[in-house]
Amino acid sequence: MSFKAEYIWIDGTEPTAKLRSKTKILEDQAKGAELPIWGFDGSSTNQAKGHSSDRVLKPVFSCPDPIRGGDHILVLCEVLNTDMTPHESNTRAALAEVAERFAAQAPIFGIEQEYTFFDGARPLGFPAGGFPAPQGGYYCGVGADEIFGREVVEAHLENCLTAGLSISGINAEVMPGQWEFQVGPLAPLEVADQLWVARWLLYRTAEDFKISATLDPKPVKGDWNGAGAHTNFSTKAMREGYDAIITACEALGEGSKPMDHVKNYGAGIDDRLTGLHETAPWNEYSYGVSDRGASVRIPWQVEKDGKGYIEDRRPNANVDPYVVTRLITDTCCTALEKAGQA
């Protein structure tokens, strides 16, 4: 007997990478063993030139395949060159170094992934040739006049749970056809790996409904909310005291840090971070308690308890989770270490 392993990887498309996958058939004796490396044509994924196109897939995370069921699995891979060094498109390798360096601070993340369903060329729920009622009633709404795509969302949630992913919730968002799922809290590598697999499952689940999902940060221009990936972060010190919360918030706004982060928080970020629609302007940094118009929000409960976490509201829906977790971990953990709060 044999089983199917769907090898998934992130390609080299710019400015926003795409997910790719293909199926490898493995024999039963491979169950429980280290999964084999594999290869692919990098010239077809923007990761190589045709004259030297071989690239390597190295498994880094696997889970049950809820689409195929049975003993079949999903296998997330990082991309290597043929000399086994990380490919230039491999952002996971840099995160692994930072996560290991600051492991003693026990950083954890929860990422809120927003996305928008499209039916052909228009968002799901938008009438042909026009616009729906202004946003307001769609957020966490109920009823066929305000909610679109729930059957796909429920199927995706079930698939993620069957795969064993740490999904902590779902909700309808502010624009019709726009939804969110949350992954975490998990350590940096784990949350990023699982978010990529959850994204793959979102696209694959929507296929069966003849619907597409997009992480476009501003899928509809005008007076409509964009789509983000609000990133919640804490360390052991932050979970134990409020001084560390303020240190982290200050660190994210120090010197060139705001621009260092924003320019790596997803393509098209200036279209979304306008200062409107629950965002701060992309070129200004601020933090505040219970303030969804700030760059970084401190939840009211955190201020009340004197400990907890912060929410970086700037990352786009299309952000690379390996990059955003690396930047926040590096910036905040370095500052906490210097302040003697590690």
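In what follows, residues are counted from 1 in the order of the sequence shown.
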Quick one: closest heavy-atom pair of [X] and [Y], and the distance?
X      : Y      : value
Tyr285 : Pro258 : CB-CG, 3.9 Å
Ala163 : Pro66  : CB-CD, 4.1 Å
Asn264 : Val319 : O-CG2, 3.8 Å
Met259 : Asn283 : CE-CA, 3.7 Å
Pro123 : Thr116 : CB-CG2, 4.4 Å
Thr82  : Val56  : CA-CG2, 4.0 Å

Checking side-chain polar atoms at under 3.5 Å, does [X] have a donor or acceptor matched by the opposite partner on [Y]?
X      : Y      : result
Gln182 : Glu180 : yes
Tyr287 : Glu250 : yes
Asn171 : Glu173 : yes
Ser234 : Arg239 : yes
Asn232 : Glu112 : yes

Are any side-chain N or O atoms of [X] and backbone N or O atoms of [Y], one a donor and one an acceptor, separated by less than 3.5 Å?
X      : Y      : result
Thr231 : Ala229 : yes
Asn81  : Met84  : no
Arg272 : Pro315 : yes
Glu114 : Gly228 : yes
Asn46  : Gly12  : no
Arg92  : Pro86  : no
Thr325 : Pro321 : yes
Gln47  : Ile10  : yes
Thr279 : Thr274 : yes

Can you tell whether the side chains of [X] and [Y] come within less than 4.0 Å, N to carboxylate O?
X      : Y      : answer
Lys221 : Asp271 : yes
Glu6   : Arg68  : yes
Lys307 : Asp305 : no
Lys4   : Asp71  : no
Arg297 : Asp312 : no
Lys236 : Glu240 : yes

Membership question, hydrophobic clusters at under 4.5 Å side-chain separation (ILVMFWY): are [Y] and [X] in the same one?
X      : Y      : result
Leu195 : Val75  : no
Tyr309 : Ile328 : yes
Leu19  : Ile73  : no
Ile8   : Trp38  : no
Phe148 : Tyr139 : no

Original post:
When you look at Ser44 and Asp41, which way does the side chain to side chain donor-acceptor pair (under 3.5 Å) test go after all the steps?
Top reply: CA-CA 6 Å; Ser44 297; Asp41 170 17; 2.7 Å; yes
Original post:
Would you find more than 12 non-hydrogen atoms of other residues, nucleotides or ligands less than 6.0 Å from Lys338 atom NZ?
Top reply: no
**OP:** Quickly, which of Thr214, Asp216, Asn318, Val153 forms a side chain to side chain contact (heavy atoms under 4.5 Å, CB included) with Tyr115? Name it, please.
**Re:** Val153
Subject >> Test side chain to side chain contact (heavy atoms under 4.5 Å, CB included) applied to Trp179 and Ile147, Val152, Leu202, Leu124, the passing residue >> reply: Ile147
**OP:** Measure the acute angle between the ring planes of Trp9 and Phe40, then classify it against the limits of 30° and 60° as parallel, tilted or perpendicular.
**Re:** tilted
Subject >> All pairs passing ring pair (Phe, Tyr, Trp, His ring centres under 6.0 Å) where residues 214-244 contributes a residue, at least two apart >> reply: Phe109-Phe233, Phe126-Trp224
**OP:** Would you check, one step at a time, whether the test side chain to side chain donor-acceptor pair (under 3.5 Å) holds for Asn225 with Gln135?
**Re:** CA-CA 8 Å; Asn225 270 37; Gln135 58 190 32; 2.8 Å; yes
**OP:** Decide side chain to side chain contact (heavy atoms under 4.5 Å, CB included) for Arg326 and Val323; before the verdict, give the C-alpha distance in whole Å, the side-chain angles of both, and the deciding distance to 0.1 Å.
**Re:** CA-CA 5 Å; Arg326 173 178 58 81; Val323 173; 4.0 Å; yes
**OP:** Let me see the working for Trp282 and Tyr265 under ring pair (Phe, Tyr, Trp, His ring centres under 6.0 Å), right down to the final yes or no.
**Re:** CA-CA 10 Å; Trp282 66 270; Tyr265 274 6; over 10 Å; no
Subject >> Near-ring test Trp196/Phe61, centroid separation under 6.0 angstrom >> reply: no
**OP:** Walk me through it: do Arg55 and Val79 pass the test side chain to side chain contact (heavy atoms under 4.5 Å, CB included)?
**Re:** CA-CA 7 Å; Arg55 293 295 178 262; Val79 177; 4.3 Å; yes
Subject >> Set of ring-ring contact (aromatic ring centres under 6.0 Å, His included) partners for Trp200, sequence neighbours left out >> reply: none
**OP:** State which residues pass side chain to side chain contact (heavy atoms under 4.5 Å, CB included) with Ala237; sequence neighbours excluded, sorted by chain then number.
**Re:** Thr235, Ala244
